[in-house]
Amino acid sequence: MGPDRYPLTRAQSIALSGASLLLLLVATTALGPLIAGSGWWWAGAVVAVAVIGGGAGLRALRTPPSLVPPLELVVMLLALTLLFGGATSLALVIPTPDTFAVFGELAEGARRTIEQQSVPAIPVPALVFAIAVGVGLIAVFLDLLVQTVRVPALAAIPMLVPVLVPGLFVAEGAEVPALVLTAATYLLLLRVDVRVRRAAELVQEDDRDDAPVVSAPKRAPIVSTMGASLGLAAIGLVAASVIAAATPSVSTSFLVGTGGPATLFARGVSPYVDLGRDLRRPEPVPAFSYVSPEGERPYFTLLTVERLEGQIWSATDRAVDGENTLGTLPGPDGLDDDVLVEPRPIAVQVDQVRTAWLPVPYPTTEVSGVSGSWFWDQGTLNVRSVDTTTLGQQYRLTHLDVQPDVAQLRSAPAAPSDAVAEMTRRLPADLPPIIAETAASVTASAATRYDAAVAIQAFLRGSDFEYSESAPVADGYDGAGFEAIAAFLDQRAGYCVHFASTMAVLAREVGIPSRISIGYTAGTPGDERVDGEVVIEVDSHDLHAWPELYFEGVGWVPFEPTPGRGNVPDYSRPNAGQDTPGVVPTGPAATPGATGRPEGDPDRALGGPGGAQSVGAQTAQLAMIGLAVAFVLLIPAMIRVGIRAARRRRIRSGERPADAAWRELLATAVDLGLPVDPRRTVRGVAAELAERPAFRSDAESPPGERVGPRAALERVRDAVERERYGRVRGTRGAAAGVAAAGGPGAGATAAGGATPPAPAGGSGGHDEREHARRAALAADLASVCDALRVDAPGARRAAAVLLPASLRPSARVALGRPVPPGE
């Protein structure tokens, strides 16, 4: 893989750079299914143009080839500074220590956004920075392969990165137009390289002695070069398709904070295990603190779960909407103007809680002061980030203190079908019987949906139920699935998860839309004061889950069924309101469709159907990625094996067997890094090879008595000369002709002269002699190639297998079939 023997002119180098740049820009579009919009592509394009264009400029200035890649990295740094350095740079492109600090923050933000976003991802600055860096590094590697090492065929390796990545996150993988265009531009690069090399060869003068030279045709054979190009492109596309299809997609995983190492779009606070575990900690961990100037002490919501999937409560897996920035927070759903609402300002300081979900009361209409990119979710108004976490955040918010009266709740009509998501009403058909029986018994005397909700809350807070963080674990029903709810109703001991999920299911059973909020209770006043206001401390023991029920005209209303925890809202107390209500019949929830019964791992309750992966899935994914990388790295070796096998078939049964043997011999020499000039005559090249140590053992023996690799080399040489020129000059040639006819090691000689051609048609004896001649030629070729390998060092032999230099387009043209005289 040494430098190319034919230096390129400035125009030729620029042509290759242009083809490389086009290939990179087209291949990068394959990332389109993963990222929303097109701004990220333009940022990558700027860096790619800077790197490859900078490399072309450096070569035009005659920069030593070894210095070009490091200087391209410097150019990439300048481009990144221009795009992302901002005011921290000098003259917009010169980085300063502050610039590198900004890059560090962007890199950390990129890691978080990869963990926290689902696809298509919002192109926040941190993600765009990561894409620009990746494109820049690929550009440096691509330019190194194409211009410095001069093996454009291997440009397929870096181009597989953007082509394969979509298959890791979306089941469909990269889009077909992107794959086709990438293959087309790859073929264009190979074609440009062939033409550039041919043009470079034609202007070179042979600096050797006056040895005869067989020149290749001025135009490279279109069929052979395009055939090889199409073959390489087809292999790359097939490999990309197979790997993308075989690699598990993780696009459906959901976001709740930092999550585990097995997911790329991970989760964090897992309420149905971590919540109970945190509640059972002997020592609480500080979460956050807040100051409420007007004395408001609300619950703080992290995440709202609405969907029942078999045994699992799960959050909706709606993708983050890039338009839902904090400056556009809407009002809550279903709230009429006649309900009393008072805005309350709150200042929050996050201590040790680290999650992608911002603790905010429901409903919150304003948030300011947070760093990073944060977006609100339609309906739940949960606020989550795609590139940062809550750790260390300081922010201010405005919370709406909704104060409905009992009359408004009692008179609320049934929610229209489009008022709330259907998933907030849905129940599976195979509920444990105790759930329906309990709902009917508890709400038998309830005249309205509101009264049914109050009755359910009072039932769960009654003396028959016990708050216990250990009983569900000891008795094996820790979690929020239906079997856990049935066990809880039987055992009547649990903590907030069991009370909240039970009330939500019982409410749906009597026709009230419901959901569960996970977050923190109001906390405890501390000793610290800020501007005369008491600081409220919230810790891990304040983690909590509570149900919210929907009433038309009021919206989502929180209830508190967990005894001994939190605060019971005034409107939900049994004695609230003294007026006799009008009867609004309760009815069963809408009949849902079957949702199946996936494994009820509570730790995956927020993950949706594509949540955290099992250890087996992780191992399978890593193994598949390893196989994919190995496959890509072995592509050159597989191509070389195929070419070698094709030539051996030609030696055994095809046309021009000696020419096939000679081409394989030269290809082996080129793979081993030998200084072979294929433009010289066959006899001249053979003479050069015969001077190598492995061929010197019988150098002093007469030609007819030689054995071993030197004799084999001479027999292959003479067979090629006979096949190409139809006659052998001199005694040595005639002797070799007789030796070839008699098999390897034959020492008989004959008088000089032409070897008579075999009669047309031939007899059985002629066929046998031809078969023996071809077998002898194949044996001689194997002996010569083995000798060449013996002379080569181990590293060169390994490179000959993994990165065969004979696959380079220039070598393919040079090793092509010479044109015999007269043609």
Side-chain angles (χ1 to χ4, degrees), residues 17 20-21 24-25 27-29 31-32 34-58 61 63 67-117 121-144 158 161-162 165 320 322 325-327 356 368-375 385-389 391-395:
S17 295
S20 301
L21 177 62
L24 178 56
L25 295 180
T28 306
T29 62
L31 298 174
L34 303 183
I35 310 165
S38 60
W40 60 272
W41 184 89
W42 289 104
V46 169
V47 175
V49 170
V51 170
I52 295 181
L58 290 169
L61 297 174
T63 304
L67 293 180
V68 172
L71 291 176
E72 285 179 331
L73 291 174
V74 174
V75 173
M76 183 183 80
L77 176 61
L78 298 180
L80 292 174
T81 302
L82 174 65
L83 293 175
F84 302 97
T88 64
S89 62
L90 299 177
L92 297 180
V93 295
I94 301 175
T96 65
D98 290 339
T99 305
F100 290 104
V102 170
F103 287 172
E105 293 175 359
L106 288 171
E108 178 64 18
R111 182 189 65 79
R112 294 194 186 111
T113 195
I114 291 173
E115 290 178 344
Q116 297 170 6
Q117 285 217 61
I122 297 173
V124 295
L127 182 59
V128 176
F129 173 79
I131 293 172
V133 171
V135 170
L137 293 176
I138 292 176
V140 173
F141 186 37
L142 175 64
D143 201 56
L144 175 69
V161 174
V165 164
V320 177
T325 60
L326 295 184
S368 61
V370 290
S371 61
S373 304
W374 296 83
F375 304 89
S385 175
V386 296
D387 61 358
T388 189
T389 68
L391 187 65
Q393 295 278 0
Q394 298 183 31
Y395 55 97

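For reference, positions follow the sequence shown, starting with 1.
With sequence neighbours excluded, no residue forms a side chain to side chain donor-acceptor pair (under 3.5 Å) with Ser20. Scanning for side chain to side chain donor-acceptor pair (under 3.5 Å) contacts around Ser371 gives Gln393, with sequence neighbours left out. For Leu144, the side-chain contact (heavy atoms from CB on, under 4.5 Å) partners two or more places apart in sequence, or in a different chain, are Pro69, Phe141, Thr148, Val149. Applying the side chain to side chain donor-acceptor pair (under 3.5 Å) test to Ser373 and every residue at least two apart in sequence or in another chain returns Asp387. Not counting sequence neighbours, the partners of Ile94 by the side-chain contact (heavy atoms from CB on, under 4.5 Å) test are Leu90. Shown here are the side-chain contact (heavy atoms from CB on, under 4.5 Å) partners of Leu58, two or more places apart in sequence or in another chain: Thr63, Val68, Leu71. The ring pair (Phe, Tyr, Trp, His ring centres under 6.0 Å) check on Phe103 picks up Phe129, with sequence neighbours excluded. Every residue two or more places apart in sequence or in another chain that forms a side chain to side chain donor-acceptor pair (under 3.5 Å) with Thr96 is listed here: Thr99. Among residues two or more places apart in sequence or in another chain, the side-chain contact (heavy atoms from CB on, under 4.5 Å) test is passed with Ala48 by Leu21, Leu24, Leu25, Val135.
Within the structure, salt bridge (Lys or Arg N to Asp or Glu O under 4.0 Å) pairs that include any residue of residues 99-108 comprise Glu108-Arg111, Glu108-Arg112 (at least two apart or interchain). Residue pairs that meet the ring pair (Phe, Tyr, Trp, His ring centres under 6.0 Å) test with at least one member in residues 37-58, sequence neighbours left out, do not exist here.
Ala43 and Val128 make their closest contact through CB-CG1, 3.5 Å (heavy atoms, listed as atom of the first residue, atom of the second, distance). Contact between Leu83 and Val47 at its shortest, heavy atoms only, is CD1-CG2, 3.9 Å. Minimum heavy-atom separation, Pro125 to Phe84: O-CE2, 3.9 Å. In this structure, Ala139 and Val51 approach most closely via the heavy-atom pair CB-CG1, 3.8 Å. Heavy atoms only, all atoms of each residue included: Thr28 and Pro162 are closest at CA-CB, 4.3 Å. In plain terms, the two heavy atoms of Pro158 and Ile138 that are nearest each other are CB-CG2, 4.0 Å.
Considering only heavy atoms from C-beta on, Leu73 comes within 4.5 Å of Leu137 through its side chain. Tyr395 places none of its side-chain heavy atoms less than 4.5 Å from the side chain of Ser368. Residues Ile35 and Ile131 have side chains in contact (heavy-atom distance under 4.5 Å, counting atoms from C-beta outward).
Checking side-chain atoms of Ser89 against main-chain N and O of Gly85 turns up no donor-acceptor pair under 3.5 Å.
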| request: With side chain to side chain contact (heavy atoms under 4.5 Å, CB included) as the test, would you mind laying out the steps for Thr388 and Trp374 before giving the verdict? | output: CA-CA 8 Å; Thr388 189; Trp374 296 83; 3.6 Å; yes
